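Order of the sequence lines fixes the chain letters, A, B, ..., with proteins taken first and strands second; residue numbering starts at 1 for each chain. Since the structure is predicted, the reported quantities are computational estimates derived from the model, not experimental observations. The figures that follow rest on heavy atoms only: side chains count, while hydrogens, waters and symmetry mates do not.
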Protein chains: 2
Amino acid sequence: MAPDRNRRRIPDATVSRLPVYLRILGEQSAEGVESISSERLAELGGVNAAKVRKDLSYLGSYGTRGVGYEVDYLVYQIRRELGLTHDWPVVIVGAGNLGQALAGYGGFGERGFPVAGIVDVDESKVGTVLGGVRVRHIDELPQIVQTKRVNIGVVATPGSAAQEAADLLVKAGVTSILNFAPIVLSVPRAIEVRKVDLAVELQILSYHEQRRAGGSIHAVPGGTSRSATA
Amino acid sequence: MAPDRNRRRIPDATVSRLPVYLRILGEQSAEGVESISSERLAELGGVNAAKVRKDLSYLGSYGTRGVGYEVDYLVYQIRRELGLTHDWPVVIVGAGNLGQALAGYGGFGERGFPVAGIVDVDESKVGTVLGGVRVRHIDELPQIVQTKRVNIGVVATPGSAAQEAADLLVKAGVTSILNFAPIVLSVPRAIEVRKVDLAVELQILSYHEQRRAGGSIHAVPGGTSRSATA
DNA sequence: AGGCACTCGTGCACACGTTCACAAAGCCAG
DNA sequence: CTGGCTTTGTGAACGTGTGCACGAGTGCCT
Ligand SMILES: NC(=O)c1ccc[n+]([C@@H]2O[C@H](COP(=O)([O-])OP(=O)(O)OC[C@H]3O[C@@H](n4cnc5c(N)ncnc54)[C@H](O)[C@@H]3O)[C@@H](O)[C@H]2O)c1
Ligand SMILES: NC(=O)c1ccc[n+]([C@@H]2O[C@H](COP(=O)([O-])OP(=O)(O)OC[C@H]3O[C@@H](n4cnc5c(N)ncnc54)[C@H](O)[C@@H]3O)[C@@H](O)[C@H]2O)c1
């Protein structure tokens with residue numbers, strides 16, 4: 001059945017850049033800019049102009065040759081393609097350091113991802129209020145997911161509890177997971193998982209630092225020439 | 001420091017997976033496992049076995065055919081390649097929700113990235129103690145960077161202040177930046193920047209959710225008749 | 001010693017992503 | 001209407017990443 005997920009597939013690399021374009025276009029729109037060229041958008045987004053055009057071409061031919069792209073219309077098209085025409089409530093599992101920071105961060109709701117709930121096993125945390133949301137016991141997870149129609153879950157538990165948290169999220173009906181714990185989650189194939197691992201990021205930076213130091217161990221500050229982006 | 005330090009470059013994709021292997025190997029080592037095959041490591045890391053072997057081959061030929069890899073030795077080699085043979089102190093700019101969560105997170109120090117300092121412009125935050133580190137005024141940033149030999153800076157300010165924070169980090173002598181603010185930083189070419197943008201991650205998940213619903217939800221009433229003539 | 005089972009290391013083909021380069025398309029001035 | 005200028009959209013070349021398939025070592029068992 002429906003062997004063809006018929007819609008033209010947008011390359012992963014492009015999907016990961018569309019949110020960046022979207023944010024920039026939103027800012028430009030707020031500043032009253034009505035039209036923008038791929039060149040300018042590329043500059044603001046720190047990418048190549050041809051890449052911008054190719055990325056946008058996957059949405060359709062929404063530019064005007066010789067002129068550029070109409071900002072508001074492009075915002076609309078990207079939002080539509082990303083499924084941002086309506087809110088996606090999220091549920092957070094784990095109300096520790098990170099869960100609290102996430103709950104207390106207004107940027108989520110603003111961008112269409114309101115926190116529908118936050119749950120924890122720790123009784124001492126249940127009942128406290130974070131960012132306007134009351135922490136509830138993890139047993140209430142299924143109920144939250146169902147009544148609030150939550151599709152996206154966030155795992156913010158220690159690594160040792162992350163797989164269990166993911167299992168509970170899946171059982172409750174969540175179909176996408178954003179995982180902050182430093183482990184590889186095992187989930188059914190149909191579940192989309194994205195991982196954010198700070199330790200990995202730092203270790204990648206470490207690799208480059210180590211490599212930079214290659215010849216002589218001590219890095220010399222200063223002396224760097226500013227990149228002249230206009 | 002032989003000229004041979006001119007080690008062949010390791011592909012980015014591999015560098016980003018080495019930390020994952022490292023964590024798994026550490027766990028295995030702690031459990032008393034002495035030897036591991038590429039197949040098993042691939043399973044634990046959620047990747048393809050051939051990929052594991054190819055990745056590890058960039059470090060040199062440290063496996064034993066017919067047997068596998070010696071866990072502790074591999075840990076040593078990966079740590080060496082990633083530059084994890086010594087600590088890399090980091091400095092955090094911005095002691096808000098996120099900065100506090102980061103400072104209060106022990107996992108950093110454990111993995112070789114101790115928090116050398118955390119700074120903020122907000123006088124009311126200066127002096128408070130987070131995760132054992134006292135928040136200092138941003139004017140003290142250069143001093144922290146120099147006395148603690150910090151190479152890595154973390155930007156955890158609002159987007160509007162992130163470029164300024166990055167500029168100050170660079171001026172203070174930092175050469176790698178981990179950016180949590182949702183903007184594209186402009187820095188000298190020599191500076192390595194990595195970005196962690198939660199909004200982007202959520203929007204990517206949104207894309208897949210929207211796509212999943214594709215068949216049953218009619219998002220576009222009548223508009224844009226783009227037939228699938230390819 | 002020889003054979004066998006196992007697993008690494010890697011050549012190769014293919015998929016995916018990036019960038020260049022240019023014709024086509026649109027706008028505007030005169 | 002024409003010519004000149006700008007910018008898009010995309011074919012094609014190139015680079016990077018992935019995964020199969022298999023030769024080459026290694027250890028064990030008989
Ligand atoms: N805090 C950070 O800055 C940071 C940075 C990088 C990664 N992380 C990762 O994020 C995760 C959370 O970090 P943290 O600092 O918030 O940890 P934390 O220990 O402060 O909080 C974890 C919370 O999860 C709860 N919990 C434990 N088991 C649970 C379960 N089975 N179900 C539901 N809740 C459960 C605990 O009660 C606790 O409140 C960890 O995996 C950590 O590695 C955190
Ligand atoms: N908190 C989260 O869960 C979360 C999630 C995703 C992204 N982010 C991003 O992380 C960044 C920080 O988020 P937050 O929730 O911690 O914000 P926040 O407002 O709680 O904290 C920001 C801190 O930065 C300080 N600051 C402002 N300007 C500064 C400057 N020029 N120099 C030094 N410090 C300065 C402020 O005084 C404040 O303490 C934001 O860019 C946000 O978009 C946060």
Side-chain angles (χ1 to χ4, degrees), chain A residues 5 8-21 25 28 33-71 73-74 77-78 81 184 200 204 207-208 230, chain B residues 7-21 24-25 28 33-75 77-78 81 184 200 204 207-208 224 226 229-230:
Chain A
R5 297 272 200 271
R8 69 217 163 288
R9 196 180 135 276
I10 296 182
D12 288 346
T14 294
V15 172
S16 70
R17 282 188 296 266
L18 289 178
V20 177
Y21 302 148
L25 290 167
Q28 293 296 305
V33 176
E34 292 179 359
S35 170
I36 193 169
S37 69
S38 61
E39 188 107 19
R40 177 81 179 123
L41 185 48
E43 186 192 334
L44 295 171
V47 296
N48 179 294
K51 201 187 285 184
V52 169
R53 291 199 294 277
K54 187 147 283 190
D55 284 344
L56 296 182
S57 77
Y58 291 113
L59 307 180
S61 288
Y62 297 133
T64 305
R65 296 171 188 223
V67 179
Y69 300 86
E70 195 194 324
V71 173
Y73 187 56
L74 203 48
Q77 289 297 341
I78 295 178
E81 198 67 46
V184 177
V200 170
I204 293 171
Y207 169 76
H208 291 290
Chain B
R7 194 180 304 263
R8 62 205 165 293
R9 196 181 133 273
I10 296 182
D12 288 346
T14 294
V15 172
S16 70
R17 281 188 295 266
L18 289 178
V20 177
Y21 302 148
I24 292 169
L25 290 167
Q28 294 296 304
V33 176
E34 293 181 358
S35 170
I36 192 169
S37 68
S38 59
E39 189 107 21
R40 177 83 180 121
L41 186 48
E43 185 192 335
L44 294 171
V47 297
N48 178 292
K51 202 187 286 186
V52 169
R53 291 199 295 277
K54 188 152 284 187
D55 285 343
L56 296 181
S57 77
Y58 291 113
L59 308 179
S61 288
Y62 297 133
T64 304
R65 296 169 190 224
V67 178
Y69 299 88
E70 195 194 326
V71 174
D72 288 341
Y73 188 56
L74 204 46
V75 165
Q77 289 297 342
I78 295 178
E81 197 66 47
V184 177
V200 169
I204 292 171
Y207 169 76
H208 291 289
T224 62
R226 234 169 302 104
T229 46

- Note on the structure: With the side chain defined as heavy atoms from C-beta on, B/R53 is closest, among D/dA21, D/dG9, D/dG25, to D/dA21
- Gap separating the CD atom of B/Q77 from the OH atom of B/Y21, nearest 0.5 angstrom: 16.0 Å
- Side chain of B/K54 only, please: which of C/dT19, D/dT18, D/dG25 is the nearest? D/dT18
- Message: Could you tell me how far apart A/L59 (CG) and D/dT10 (C1') are, to the nearest whole angstrom?
- Response: 15 Å
- Pairwise side-chain contact, B/V52 with B/V47, heavy-atom cut-off 4.5 Å (strictly under): yes
- Query: If you check the B/S57 side chain, which of D/dG19, C/dT10, D/dT7 turns out closest?
  - Reply: C/dT10
- Message: What's the separation between atom OH in A/Y207 and atom CD1 in B/I10, rounded to the nearest 0.5 Å?
- Response: 4.5 Å
- Message: Under 4.0 Å, counting only non-hydrogen atoms across every strand here, what does B/R17 touch: a base, just sugar-phosphate, or nothing?
- Response: sugar-phosphate
- Message: Measure CG/A/D55 against P/C/dT18 and give the value in whole Å, please.
- Response: 8 Å
- Message: Is the phosphate of D/dT7 approached by A/S38 (side-chain N or O, under 4.0 Å from OP1 or OP2)?
- Response: no
- Using atom CG of A/N48 as one end and atom P of D/dG9 as the other, report the distance to the nearest whole Å. 15 Å
- So which heavy atom on A/V200 is nearest to which on B/P19, and how close? CG2-CB, 3.9 Å
- Message: Output the rounded distance in Å from CG (A/D12) to P (C/dT18).
- Response: 11 Å
- Are OP1 or OP2 of D/dG17 and a side-chain N or O of B/Y58 less than 4.0 angstrom apart? no
- With a 4.0 Å cut-off on heavy atoms, is A/A13 in touch with a base, just the backbone sugar-phosphate, or nothing at all? sugar-phosphate
- Apply side-chain contact (heavy atoms from CB on, under 4.5 Å) to B/L56 and B/S38, showing your working. CA-CA 9 Å; B/L56 296 181; B/S38 59; 5.9 Å; no
- Please state how far atom NZ in A/K51 lies from atom P in C/dT19, giving the value in whole angstrom units. 4 Å
- Query: How many Å lie between OH on A/Y69 and C1' on C/dG26, as a whole number?
  - Reply: 14 Å
- Query: When you match B/E39 and A/V67 each to their closest nucleotide on DNA chain C, which lands nearer the 5' end?
  - Reply: B/E39
- Item | d(CZ, A/R65; P, C/dA25) in whole Å | 6 Å
- Note on the structure: From CD of A/Q77 across to C1' of D/dG9 the rounded distance in Å is 16 Å
- From the candidates D/dG27, D/dA24, C/dG17, the one with an atom nearest any side-chain atom of A/P11 is C/dG17
- Message: If you only use heavy atoms from C-beta on, which nucleotide in D/dG27, D/dT10, D/dG25 is closest to the side chain of B/T64?
- Response: D/dG27
- Proximal nucleotide (of D/dG27, D/dG19, D/dC22) relative to the B/A50 side chain: D/dG19
